[in-house]
Structure formats: C-alpha cells, structure tokens
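Per chain, numbering begins at 1; letters A, B, ... match sequence-line order.
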Amino acid sequence: MRWSLENLYTSFDSREFLEDNNKVLALIDELKEWSRENFKSLENAKEKIEFFLGKINELSSLIYKIAAYSELSLSVDAKTQRHLCILKRLKKLFQKQQNLM
Amino acid sequence: MYLEKIEKTVSETTEFDVAFKKWLLKLDKIEEVINTSDVIKQHKFIIKESIKSAKHMLSDEQEIVISKMKNTGSSAWSKLQEFLTSTHTVEISLEGEVKKLPLPVVRNMAYSEEQYVRKTAYFAELKSYEKIENSSAAALNGIKGEVITLSKLRGYSSPLDMTLQNSRMDRETLEAMLEAIKEYLPYFRDYLKKKAELLGHKSLKLPFYDLFAPIGKVDMKFTYDEARKFIVENFKTFSDELASFADRAFEENWIDAEPREGKRGGAFCYNLHPIRESRILANFDGSFSNVTTIAHELGHAYHGNCLMDETFLNSNYPMPIAETASIFCETLIVDAALKIANREEKIAILENSLQSSTQTIVDIYSRFLFEDEVFRRREDHSLSVDEFKEIMLDAQRKAYGDALDEKYMHPYMWVNKPHYYYADANYYNFPTPLVNYLLRDLLRNIKRGKLSLQRNTRNCFH
Ligand SMILES: [Zn+2]
C-alpha cells in the first residue's frame, strides 16, 4: 500500500538527482545568455523558436521532475521542521515552473 | 542546499521567458514561420497564446514595480485574511458546555447527523464572524481593487475578460454555461425542497445549516484488494484500456494508500510526464467514499497518460478541463455501486451526488454572481461589511430561489472561502459547472448507446 519513487530518483543524495540539479542550473545560465544575444534581432526566427522550444521543454521537464520527487517524498514524511521549510520553498519553485511559457 | 540554489536560479527564468514572448510579438510573419517547421507547428497553440499574453505585458520597469508593489498589496492582504481565518475560533455551547473551537471544526458540524448540532454550529459560526468582518472586508476591497487596476493597465476590458483569457475560455462559452445553469436551477430547487421535507421543515424551505445534512447511510466496506478489484472491473465496463491502466497503477506501486503518521491527509494525483507514469496519494480507510476517491485520482492519472506522447509544454492544461477525466472515473464507480447497494445506501449515494452537484452548480453560480457584483461596485467605491453581506444574500436568493429559507441564509460566505482572496485567480471555480454538465451529458449518451466513446475519449481528454 505504499508507492515506490525509485523510477524518479533513488534518493536525494543519488548521483542522478545531483546531476539533474546541475543540469537545470547550467541550462538556465545558457538560456539567459542565449536570449540576450538572440532576441535582439528578428532574423532566423524559425531556427531561434525551434531552439528555444527544445530547451524550454528540456528545462521545465527537469525542474518538474526534481520538484515532483521532492514534493512526493515529503508528502508521506513531513515530520521535521526542515522538511516543512523545504516544502514551502518547493511551492514557490513550482509556481515559477508552471508559469514558464 | 541544492534547492535554495535552484529556487533562486529558477526565478531568473522570468527574464528569458518574457523576452521570448515580447520578441514573438514583434515578428510580423509568424504564421509563415509556424508553417515552415514541424516542431513549431506542434507548439502552435502555446506560441499563439504567448503572443496573446505578450500583448497584455507592460514594460520591464512597470512589471518590476507591479510585482514589488503586489508583495505589499494584494499578497499582504491575502496573508492577513489567511491569518485571520486560520486563527479564528468560534465560541459554541453544546450540551451545556461552552467551548472555543477552530473554524473548520465548527463548519464541519454541518455534516453532523444531529440537527441540533448543525443548527447550533451555524448560529455560532455566523456570530463569530463579527470579530473579523471589518478586517476581511478591508482585505477583500484591497485585493479586488488591485485586480481592477491591473486588468485595466494591461488592457483587458474587465477582470472577467482577463480571467477568461487565462482559462482559455470564450465569453460565448461562459454565457452558454450560465444560461444552461439558469435553465436547470428549478430541478435543483425541487431536490432541496424534498430534502427540507425529509428533514421535517414544514415550509418546504431548507435552512442553510441543513444543506449538508446526511440522508441515508452507506455501510459498504472494502479491503484494499476489494477496492482494486471493484475499480478495475467497473472501469472495464467503459474500456479495457482504462481498466488495465488502473490495474497497472496498483500493480506497479503508483499508489500510496496507507494512512500513517507524518503523511499528509486527503488525496491527490501527480502526473509524472518525464517518466511517463503517475503517483497517487490517498488515505484508505475502507469506506465507499475512499474507493470513489481513488477512482477519481486514477482518472487524473489516466488523463496524464493520454498526454504522455505530447511534449512537456503541450502537456499542460487549464482549470476547465483539469477535472474532466477524474469526475468521469468517479462517476463510473458511483454508478456501479448503485447497482449493488440496498435501498438506504442508494438514497445516501444519490443524495451525496446531488449534494455535490448543488455545490458545483448552484453554489458556484451564487459565487459567480457575488464576485461579479463586487467587481462592479468596487470600480466605484470601497464596499462596507453590510454591502458585502447584502450582495452575498442577494446572490444566494438568485441561485437557490425559494428552496432556501430566507431566515437562515449565509451572509458571510465571503469570509470563509479563501478563493475570494487570491488576487491571481478570480472567479476561481466558474468552469466547474461546465465540466460537470459535459460529463453527465457524455455519460448519458454512452448509456443510451448513442456514442461509442471508448476510442474517442482519449481525444476528449487531450
Ligand atoms: Zn480532482
């Protein structure tokens, strides 16, 4: 009668979890720089939109996965104060993610 | 801590998100561009929606000022209201003992089997609001005032117009829905009058405190395995695909049903597009209502499953369709239970379903009327407590008609429903009746054999 979250991540300390976190940070940096550069002119619109959509799909999917794992884990074990605090931050993170596009 | 870093960085995504939308707005041959690329064509809907929303964006400087001012404006008012209601206590005297109880506890007494408890709780609740009514009114005035200012600045014709656009709903659809509701109000009133009669009200008018009174009783009990079997078997009457999907959710441990310490209450479904699965949280106690809850959540999961082949961006859906699949699945189970229930259980199940339809249609209609009138007057002035109360009573009169007892209405519903205080979600629940209506129509047609929807329903939930 309990769920398994292993298909998301095996733990908060797992290599996959840390790697995805790093990927998110790197993608955001990349996109910030890229958009400052590329939204200046209207040329190559097709290529720019394709690139941007691809990256946003990748980025929001990753943020979603991280947030989902964290929120699901905490929803069955939210005893400690530290967890409650994380939960609050997550809510905010999640709203931001949902507002993307 | 990673989360802090992520959180901070994610807030920086606003920069390129806004930049992209504003840039799209500047492209004049967007249709042509869309048609040259399959990837873009696939995202045509959200591209067009982004352009639409860009038209309502202000300059970067203005947006920054607005978001900062909102922190000390509507957000602060919302926090105040949340504080007031979450710390609010009601003084109530039951069986000769005077107690101070939290508001939700007293509001829950509306479901009590004893009329005297329901009635006492109702009077105690109403009386208690006098302590906070002025502050709540100030909060509501502040929030609705800000919404009006912002919707004007952004070039919407009204807060309703802004809400409709955010919900991807046309005004014609809304109007058709309101017309349909008005047409069917008499049927709901007949039900409420019957309920009044059953509860011994000679006037055949129901007092507000008896709206949620239980009628009949369901004694069905299920083990977790029986619940699984019952759900899967009855989903099969609709489609094998839905049934085997539900079975897979049980088999592969997607459901956390065991109540335990440290676990949150209630139920929800989390669709996990990135891994093409879902997870469901429930607190299973063996009751029939628990079985319907799991069926409901499985509906959300199935909805998510129908969207697995879409890109992540295309898998988002707005409020009006969020509850379609879930209510659909829940209804399948309720209908199945009706077939095996005894007479008293049947009455209880049906009454329960009428009770919730009354909420999602009649009461939400009254909330819509209330909010619409509040916006209308707020354009002109700040409303007094008495005005809010009067508008609420008037909305209830229009929605419930002669089925609700004039002497026992609820002038303070605007104090206890938190959704009036969310500046970013106005007319919060208005699409719900539409969903409810569409579903009943769909089920009726399936039963009549007019439609073979198994195949088409997948498309419906897209
Ligand atoms: Zn739901």
Side-chain angles (χ1 to χ4, degrees), chain A residues 1-5 7-8 12 17-18 21-22 24-25 28-29 31-32 34-36 38-40 42 45-50 52-54 56-72 74-80 83 86 89-90 92-93 96-101, chain B residues 1-7 9-17 19-24 26-30 32-34 36-37 39-40 42-43 46-47 49-50 224 252-258 260-264 268 270-275 277 279-281 284 311-314 316:
Chain A
M1 281 175 80
R2 294 188 185 192
W3 63 31
S4 154
L5 301 179
N7 288 355
L8 282 165
F12 284 107
F17 187 74
L18 298 182
N21 275 275
N22 282 327
V24 167
L25 299 179
I28 290 175
D29 278 342
L31 273 170
K32 269 191 345 200
W34 182 90
S35 69
R36 279 181 204 148
N38 287 276
F39 292 145
K40 272 192 274 186
L42 301 176
K46 179 187 157 214
E47 290 73 18
K48 285 177 185 170
I49 299 175
E50 280 179 346
F52 192 79
L53 286 174
I56 289 286
N57 265 318
E58 189 185 346
L59 173 65
S60 29
S61 184
L62 275 172
I63 297 175
Y64 187 87
K65 196 176 165 197
I66 292 167
Y69 178 70
S70 314
E71 199 170 349
L72 288 170
L74 301 179
S75 68
V76 289
D77 182 23
K79 272 173 288 190
T80 63
H83 281 174
I86 297 175
R89 313 188 74 97
L90 265 171
K92 266 200 225 153
L93 174 67
K96 290 266 161 49
Q97 187 273 335
Q98 287 182 325
N99 288 335
L100 265 179
M101 290 281 295
Chain B
M1 171 82 215
Y2 260 96
L3 213 54
E4 276 170 51
K5 217 168 154 195
I6 291 259
E7 187 187 32
T9 325
V10 168
S11 71
E12 293 166 18
T13 58
T14 316
E15 180 189 322
F16 51 78
D17 186 43
F20 178 58
K21 286 174 180 159
K22 288 188 173 171
W23 177 78
L24 279 177
K26 282 189 264 173
L27 293 174
D28 29 78
K29 287 179 183 160
I30 185 72
E32 262 173 50
V33 178
I34 290 173
T36 55
S37 155
V39 181
I40 304 178
Q42 199 185 2
H43 292 89
I46 51 170
I47 298 262
E49 193 174 56
S50 296
Y224 191 55
E252 294 182 9
N253 297 323
W254 292 7
I255 305 172
D256 200 298
E258 177 199 64
R260 57 187 181 273
E261 211 194 305
K263 177 175 166 176
R264 53 158 282 184
F268 66 75
Y270 220 112
N271 291 337
L272 302 170
H273 186 276
I275 58 165
E277 294 178 10
R279 288 297 179 276
I280 287 167
L281 180 138
F284 188 72
T311 62
F312 188 83
L313 286 176
N314 281 341
N316 260 338

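- Ring geometry for B:W23 against A:F39 counts as tilted: the plane angle lies between 30° and 60°, on a 0 to 90° scale.
- Atoms CD1 and CG, on A:I49 and B:L24 in that order, are 5.5 Å from each other to the nearest 0.5 Å.
- Rounding to the nearest 0.5 angstrom, the gap separating the CD atom in A:E71 from the OH atom in B:Y270 is 4.0 Å.
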### Message
Assess the residue pair B:T13 and A:I56 against the criterion (side chain to side chain contact (heavy atoms under 4.5 Å, CB included)); give the C-alpha distance rounded to whole Å, side-chain angles, the decisive distance to 0.1 Å, and a yes or no.
### Response
CA-CA 10 Å; B:T13 58; A:I56 289 286; over 6 Å; no

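- Between B:L281 and A:W3, the closest side-chain pair of non-hydrogen atoms falls below 4.5 Å.
- Considering CZ of B:R260 and CG of A:D77, their distance stands at 8.5 Å, rounded to 0.5 Å.
- Looking only at heavy-atom pairs under 4.5 Å with chain A, the residue among B:H273, B:E258, B:R264, B:E32 that has the most is B:E258.
- At a 4.5 Å heavy-atom cutoff, the contact between B:I30 and chain A is made by side-chain atoms alone.
- Heavy atoms closer than 4.5 Å to chain A are found in the side chain of B:E277, but not in its backbone.
- Contact between A:Y64 and B:P274 at its shortest, heavy atoms only, is CD2-CD, 3.8 Å.
- Nearest heavy atoms, B:F16 versus A:L59: CZ-CD2, 4.1 Å.
- What you find for A:K46 and B:I40 is that their closest heavy atoms are O-CD1, 3.7 Å.
- A:S75 and B:F268 make their closest contact through OG-CZ, 3.8 Å (heavy atoms, listed as atom of the first residue, atom of the second, distance).
- For chain B, no part of A:L62 is nearby; none of its heavy atoms comes within less than 4.5 Å.
- Closest approach of B:D256 to A:R2, counting heavy atoms only: OD2-CA, 3.6 Å.
- For the pair B:L272/A:L72, a side-chain contact is recorded, criterion being any heavy-atom separation below 4.5 Å from C-beta on.
- Looking at B:R279, its side chain does come within 3.5 Å of a backbone N or O of A:S4 through a donor-acceptor pair.
- Of the two parts of B:I255, only the backbone, made up of N, CA, C and O, holds a non-hydrogen atom closer than 4.5 Å to a non-hydrogen atom of chain A.
- Of all non-hydrogen atoms in A:N57 and B:L313, the two that sit nearest each other are OD1-N, 2.8 Å.
- Options B:I275, B:D28, B:V39, B:I34 differ in how many heavy-atom pairs under 4.5 Å they form with chain A, and the most are formed by B:I275.
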